[in-house]
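Quick note: numbers below take in every heavy atom, side chains included, and nothing from hydrogens, waters or symmetry partners. As the structure is a computational prediction, the values presented were derived from the model and not from experiment.
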Amino acid sequence: MVKKTKSPVTYTKMKGIVSYFAALIKERKFGSADLLQKLGTSHPIYRHMDAECFLRPEGSSVCDEAGAAALCFSSTAQELQMSRASAADFDYLKVIGTGSFGKVLLARHRENDRYYAVKVLKKQMILKKNAEGHVICERSVLLKTVNHPFLVRLHFSFQTRDRLYLVLDYASGGELFYHLQRERVFTESRARFYAAEMASALGYLHSLHIVYRDLKPENILLDSAGHVVLTDFGLCKEGIVGRATTRTFCGTPEYLAPEVLQQREYDRTVDWWGLGAVLHEMLYGLPPFYSADRMVMLSNIMFQPLVLKAGVSKAGRDLLKRLLNRDRAKRLGAKHDVAELQHHSFFSSIRWDDLVAKKIQPPFVPSLSGPDDLTNIDPAFTNLPVPQSLGVCEDAGMTFPGFSYMS
Ligand code: ATP
């Protein structure tokens with residue numbers, strides 16, 4: 001049952017709010033893009049100069065603004081220069097993940113023999129769901145973040161007539177929560193290590209004015225040495241400077257901050273809430289405010305006081321309380337971002353420079369037989385058939401200008 005709070009929320013109002021969210025979330029199942037479209041018809045990303053160019057079919061002459069034209073031109077020139085990577089350069093071996101717009105596959109580059117995770121997106125699906133914004137955002141963020149040790153690295157991107165390809169590092173350690181599910185909870189020092197690497201990646205994104213927004217189990221991967229790799233930048237929000245805010249509703253309900261659920265303004269501090277939710281799950285085995293009934297859980301996130309059982313250190317509980325503060329202005333990280341987390345006693349044993357230099361030995365090293373090992377990937381993915389047409393390199397047809405890239 002929904003808990004009554006001091007705020008003047010009547011039962012009827014609450015029911016209204018919950019059924020509204022129910023409809024939104026149900027809708028998200030069919031496509032977050034539709035939902036984003038509905039909630040933010042004037043989504044600023046569609047006015048982004050890069051988006052303008054990216055969405056426009058190649059050869060169209062609408063690039064009339066000087067800046068936009070220059071960007072279109074340089075993207076296309078770069079594309080021509082770097083057109084050496086193509087779908088036919090890879091052998092597509094196994095499906096290792098699925099997403100809203102296509103599949104992620106383990107692939108081997110035929111020339112250099114290296115293994116990559118290739119994210120293949122169907123153009124038709126992107127256009128049908130009006131999700132060009134997601135793809136622009138993902139590629140643009142991937143291009144900006146090639147230099148952080150805990151963010152997935154983009155090596156190439158290219159397109160065929162029907163598909164867009166993003167060639168990424170293969171994180172062969174699998175999803176962090178694949179391991180958590182098997183072990184139920186992590187020791188505090190193991191959870192600290194992962195939380196610190198995630199915090200460092202989020203702080204870096206924030207320094208580039210990018211809010212990640214979608215910290216959830218499926219997007220936190222491990223590399224072969226056991227370090228964190230954040231992936232999936234499709235829901236990132238660029239251009240959030242300092243305390244600037246936005247309102248778009250997106251992300252996974254379990255890990256969403258209350259201000260996002262309530263469609264109030266939010267800022268980069270949503271990521272610190274997300275980190276709190278993930279840390280809670282690593283330490284207690286369940287997300288905070290958990291209920292098997294989703295609607296109850298949503299209401300809990302918004303109104304239920306946070307209860308932290310014993311079994312976690314005082315410092316750990318204090319950190320969770322500060323990250324899962326409903327008042328985003330008082331949430332840890334609100335003023336000085338990641339620096340505030342770095343100074344919290346829970347992280348006192350972490351040497352942050354060593355962490356970023358990958359000098360700290362990960363607490364768990366995935367056992368792998370080689371760079372193409374699939375032991376840590378859920379068989380639900382690897383048993384899926386590999387589409388035969390992936391390596392077919394035909395004419396690009398309706399192109400997404402500027403998509404192609406080589407690192
Ligand atoms: P969503 O619908 O959640 O937005 P998406 O279409 O953006 O998903 P991703 O989340 O990027 O797709 O990838 C889907 C899954 O593929 C991930 O949950 C992960 O299990 C796997 N995956 C993605 N990138 C990699 C990678 N670099 N290495 C290994 N596995 C990966």
Side-chain angles (χ1 to χ4, degrees), residues 48 50-60 63 71-129 131-147 151-171 229 231-234 236 371-372 386-407:
H48 192 288
D50 210 3
E52 290 255 298
C53 290
F54 188 28
L55 299 180
R56 194 164 298 129
E58 212 160 30
S60 99
C63 261
L71 194 68
C72 274
F73 178 72
S74 70
S75 292
T76 313
Q78 194 182 17
E79 208 169 337
L80 286 174
Q81 218 179 23
M82 296 179 166
S83 58
R84 270 167 286 160
S86 79
D89 295 343
F90 297 85
D91 288 321
Y92 301 88
L93 307 170
K94 281 280 178 195
V95 178
I96 53 172
T98 56
S100 326
F101 307 107
K103 294 188 172 75
V104 181
L105 296 109
L106 173 67
R108 185 180 45 229
H109 192 285
R110 288 182 173 173
E111 240 169 65
N112 70 20
D113 251 357
R114 289 206 192 122
Y115 291 89
Y116 297 95
V118 182
K119 185 164 170 173
V120 184
L121 309 163
K122 287 193 179 138
K123 286 182 183 175
Q124 208 183 24
M125 196 83 92
I126 296 165
L127 295 170
K128 202 168 126 195
K129 294 189 176 181
E132 297 90 330
H134 278 205
V135 184
I136 294 160
C137 201
E138 177 149 23
R139 178 185 160 279
S140 149
V141 171
L142 281 166
L143 283 179
K144 283 184 186 161
T145 57
V146 285
N147 281 327
L151 295 175
V152 76
R153 189 176 170 163
L154 177 72
H155 292 270
F156 313 95
S157 61
F158 46 81
Q159 54 190 307
T160 61
R161 194 185 59 212
D162 304 324
R163 299 180 174 104
L164 300 174
Y165 293 67
L166 293 163
V167 181
L168 309 161
D169 279 332
Y170 170 46
V229 181
T231 168
D232 192 1
F233 298 107
C236 277
D372 57 341
V386 175
Q388 289 304 303
S389 53
L390 286 182
V392 178
C393 198
E394 11 58 335
D395 170 28
M398 202 305 255
T399 62
F400 281 55
F403 187 81
S404 303
Y405 165 78
M406 190 165 87
S407 67

Of Leu164, Val167, Leu154, Leu166, the residue whose pairing with Lys119 passes side chain to side chain contact (heavy atoms under 4.5 Å, CB included): Leu166
From Leu151 atom CG to Leu168 atom CG, the distance as rounded to the nearest 0.5 Å: 11.5 Å
Side-chain touch Leu105/Phe90, heavy atoms, less than 4.5 angstrom: no
Residue list, side chain to side chain donor-acceptor pair (under 3.5 Å) with Tyr116, at least two apart or on another chain: Asn112
Interatomic spacing from CD in Gln159 to NZ in Lys123 - rounded to 0.5 Å: 4.0 Å
Residues forming a salt bridge (charged side-chain N to carboxylate O under 4.0 Å, His left out) with Arg108, sequence neighbours excluded: Asp91
Over all atoms of both residues, closest heavy-atom pair of Asp169 and Ala117: O-CB, 3.7 Å
Spacing of His109 atom NE2 and Asp89 atom CG [to the nearest 0.5 Å]: 4.5 Å
Check: Gln124 and Asp162 side chains under 4.5 Å, non-hydrogen atoms: no
Phe156 and Val118, any side-chain heavy atoms less than 4.5 Å apart: no
Euclidean distance, Asp372 CG relative to Tyr115 OH, rounded to 0.5 Å: 4.0 Å
Contact summary for Arg110 and Ala88, nearest pair of heavy atoms: NH1-O, 3.2 Å
Value rounded to 0.5 Å, distance of CG in Leu390 from OH in Tyr165: 5.0 Å
